[in-house]
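Only this structure's heavy atoms are used, side chains among them; waters, hydrogens and symmetry mates stay out.
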Amino acid sequence: MLTVRQFSGGRTARLALALSLIPALFAVIYLVRPWGITPNEFLVDLFRELVVPTLLPIVVLLPATAAFGNELEDGTLPYLLMKPVTRLRLAFGKYAAVLLVTVPALLVGVAAATLVASRGPDAEDLRRLFLAMAGASAAGAVLLGAVFLLVSLVVPRALLAGMIYIFAWESLLGRFLPGVQAVSSREYTLRVFNGLWDGDSAAASNAVMTMVVVAVVCLLLAVWRLRGIQIN
Amino acid sequence: MHAEPNQPLSIETSALVKRYGDVLALDHVDLAVPRAAVGLLGPNGAGKSTLLKILLGLSRSNGGTARVLGRDAVVHGRELRMRVGYMPETDALPDNATAADFVSHMAEMSGLPRRAARQRAADVLYHVGLDEERYRLVKGFSTGMKQRVKLAQAIVHDPELVFLDEPTNGLDPLGREEMLELIDRIHRQLGILVVLSSHILDDVERVCDYVVVLDGGRVVASQPLHVPDDDSADLHVRVDGNPDPFLDTLREVGLEARPAGIEYSSDEFVIARRGDQTLDAIRDAAAATGSPLRLLRPATRSLEDLYVDSVGVGANGARGNGRGAAT
Amino acid sequence: MTKPFTQASSEPDSDGLPGLAPGEEAVIALRGVAKWYGEVVAVSDLTFGIGAGVTALLGPNGAGKSTILNMVSGLIAPSSGTVRVLDRPVRRDTMIYREIGLAGEQEQLYGSLTGREFVRLNAILQKTPDPDGAAENAIAIVDMASAAGRALGGYSKGMRQRIKVAAALVHDPRVLLLDEPLNGTDPVQRASLIALIRRLGNEGKSVVVSSHVLPEVERFARNVLVIVNGKLAAAGDFRTIRERMDERDHMVRVRCDDPRRLAAALVAEPITKSIRLSGDGRFVAETNDVRRFSLLVPEVAKREGIRLFEMQPVDESLASVFSYLVGK
Amino acid sequence: MSASTGQYGEIFDRGYLHYGGPRLGQTHAVWALARYSMARALGIRRPWTAKIIPMLLYAAVAIPVLIAVGIRAFFPAFEFLDYAAFFGAIFLLVGIFVAMIAPEMMSSDRHDRLLPLYFSRPIGRSSYVVAKLLAAGLLTLSMSVVPAVVLWFGNGLLADEPVAALRDSLDDLGRIAVAGTMIAFYLGAIALMISSFTGRKSIAVGVIILGFVLSESLSLAISEALRDQPDLARWTFAISPSRTIAAMVGQLFDEPDLAADIPLNASLGVMAVVIAICCVVMFAWYRRRD
């Protein structure tokens, strides 16, 4: 409750939405002068190369680390902890707030990009492509939201740590070292996307299952961490 | 350090105005403050910090002039800033530097050569009571130690005038005592002019000999504070136990006592002095009623009265509250 | 109302806890509490109870006052011992927070909210039946109605202190913990906060106020707990403690029109331990019974016809409570 | 005084003394601030946690250079890393390096509320910005120029006639200096400007890196979109620091693949203009602050 209010209309939510709309900007450029590729090709490229490795993690990182991290940093966390609310509800409330901010922002962004690109030549089956992107984005947010929430409770400068993870691990190493891919959120998000786009729903649901399990484990760890947290 | 005819005033302003949007933070402030230890008093939002910022050149006024040590704060800003020091109210300290590093860096920013800066940083930190701690990170310091570091950086370059914004904030009684002693020493032994902004009347009373009171962006008082051993001032007294017999005896000889006001403990009284007989009457009343006389001192023209008179309605209300709370 | 002066080392009274009058029920109870941070001991060996009314938690900076308040709030766990509020363990039972309000020492607040939204949010999270009414009420109590529509980010320190108190009492808790609430307030605001604290205490709430400004404490609390170096140094009635202090040696400065004669007369008395004359018509006397000495001076002066100009304790400043207890 | 007994004794006053030494001007203050900022950004006299990231980045840039020189020592004909490839490869590292040090220089002063302390001292607001720019630029030189010079030196020393080889390749050294200096001050100015807008270091780090990444994608996308207007499309490099640097390096070291027909003066001009804009923005921003 508190977090939703804190985010909605707040800087974090606006920033998340602004970042989510960057793909639409690229779509506009594409639309003005389509450079000999179909909207489908363009959107798939955009999603694989820009949204999944960079934008999606950042959009989730900002609110997720702000949820507890800001309050830890500026000492306002006691206002939440000293309320008749169980730690389980607190953690899930924050998590829900993060998803409430990020998932709509991501969907709006993907939808806007699809909508804009759909006016290009030879568009086909864009609805299915949109659903694949939307599903993968949501799955990515579910996973990363929980991971970053936990990180913000454990690591002192969570935002910086998250940035380094995104740029160094996911964007750089993930491309060159195949071993990294097995423990990379980008890889699983792309699996969901590929599964949905190629019609291989079994592959997609397998990936989603893994992501949900990791998310739940992270959340439970967050609850455990909140129970033992010491505030000075 | 005290007024010599050829030396410029410490602070001089005329018709100084500062607006923040619709709020008039300074409303045509005219000041002529002598070279002294100056206390700057006033409720929150009275304009104290705004005035300090303008005098330091941190903020531009919307009208009027401000001169510090005879130099215009805008025109001769740089020359002036070489001669002043500033201890801000906020915790303006780096997270990750040692006290010695930080203070010597600040000395260099004031133009001291590197080696002189390091040397003076070490000396000044020693004189503010940070000796072995000076090579530790400021981050782990207590409130009192942080305040000392802030004071050290304000005086490390040997300024002529130092602005201190709420230097005793957050300090416990011993820490406050030590800080006030330090400030007093800076002024009296080293001859550095002091401008001390504070909420706490007692702080100002302890170290200052001139006081400026601001309220609502206007100067409501600007005058000298102490006249040493003033034998014509009102008297503060406190007796042990039930004070009523003592007060009754005084009343019989026509002396009215009223409770001392807002900053003092509740069992002090103020007695208006009518010549030296009043002193004798108090002595005799204590002896006659067997009331141990724990305190007898001249109130001079008490700063508190001055504050209450000049800040007016609000403080009078508070005084009423204070008295109510004392009963 | 006067409670016996108790020291940590003395025998616990009938309720089993120092700090409580005989038969008084403990609202807050600490038993054998200690807290270490690594090798550093923040507080140790704390056993005391706090009942209804205002209690001042006194001590120098770094003595452990905030650590104690944070443990009572359940924000940190004691390394050993138990902390109970209303006979329930804090930290395991989050429902206890309906009865606890804390105005902590942290400076930052949710800067983008207005004062009213902030207080209302606290009411909602506390599941107060009428959050709007409760918020308005709390804001009115701390006298912030005129500024409640402004964003917290632009508040002055005094305003922040008051809005924090409003947020702490919005759900009408039985236990109110205020960490240095007077810090940074100007004399006017301070007086109104002091009046508020007294009123809450008179309503029967347990109000614990930490402070290091002793003259102010005197105005709202008779009952004090003095923490020095992480240990309970004194507990009980403020004046009783101050009177106990009279039993040690005191220094008194006297100014009169004939210091030599007065000093000579005083030094003959057994309670006068020493007298040091300074050239300016003053002398400083050391005595082991300051009350009798304070009576003796006017008596002797009257008898000898000496005029007293000034007489004041050298170390009476209430700060000496600390220096005394710290020095032990 | 003690001559009569032949013994010497004196008590010295160790109290606070007035300062009678010299008070230096702006130049001194600027250098002092630049030096202090560089030391802090590198984590000198700070806990080891502050040193890790700069040290890792230095290692990352030094290792390929050392390997290249090493390979050259055994297989003289085999040029593993030429200058253009070097500057192309280190863009990412220099970018991250700048994104780490610039917030440390600008944002932390805001976060720790040190600006009033600086601005109440003789060092003016413009000098403050100049000092920070100097610090960021000089420090980044250690990342861009120094390894390249090592490479140049190594290449020269491993030639058959080292002295002659070094002398003959002096023009290479000049190019290295130009490229490295421009990269350092160009990226430094951008990163400092971004950092000056926030007191939170992690936000600044994120915005800087994200800005570098997105601007490249954006500029490539626009240039694709403008395919049928190649004259216009060429100029899209100006939006992206990475492409601007690539264009400059390509022209300087004669690698047409990187340069994409952009004249050297154009890329250098763009960099100079961007540096100027960043400075103007920072001067205005800090002058305005109360």
I need the minimum non-hydrogen distance between Asp158(B) and His18(D), along with the two atoms involved. OD1-ND1, 2.8 Å
Could you tell me which non-hydrogen atom of Pro122(D) sits nearest to which non-hydrogen atom of Met82(B), and how far apart they are? CG-CG, 3.4 Å
Check whether any side-chain heavy atom of [X] lies under 4.5 Å from a side-chain heavy atom of [Y], and answer yes or no.
X         : Y         : result
Arg81(B)  : Phe119(D) : no
His157(B) : Tyr19(D)  : no
Met109(B) : Leu117(D) : no

Select one option (side chain, backbone, both, neither) describing which atoms of [X] are under 4.5 Å from chain D's heavy atoms.
X         : answer
Ala117(B) : neither
Arg114(B) : both
Leu93(B)  : backbone
Gln153(B) : both

Where on Ser108(D) is there a heavy atom nearer than 4.5 Å to chain B: the side chain, the backbone, both, or neither? neither
Would you find more than 12 non-hydrogen atoms of other residues, nucleotides or ligands less than 6.0 Å from Arg78(B) atom CZ? yes
Looking at Phe153(D), I'd like to know if its CZ atom is crowded, meaning that more than 12 non-hydrogen atoms belonging to other residues, nucleotides or ligands lie closer than 6.0 Å. no
Nearest-0.5 Å distance, CZ of residue Phe102(B) to CZ of residue Arg45(D): 15.0 Å
What distance do Ser120(D) atom OG and Met87(B) atom CE have between them, rounded to the nearest 0.5 Å? 13.0 Å
Using the ring of each side chain (for Trp, its six-membered ring), is Tyr36(D) parallel, tilted or perpendicular to His105(B), with breaks at 30° and 60°? parallel
Heavy-atom pairs under 4.5 Å with chain B, option from Arg40(D), His28(D), Gln26(D) with the top count: His28(D)
Taking atom types as modelled, is there a side-chain donor on Ser110(B) or Arg121(D) under 3.5 Å from an acceptor on the other? yes
If we define contacts as heavy-atom pairs under 4.5 Å, which of Thr90(B), Val84(B), Ile186(B), Leu137(B) has the most with chain D? Thr90(B)
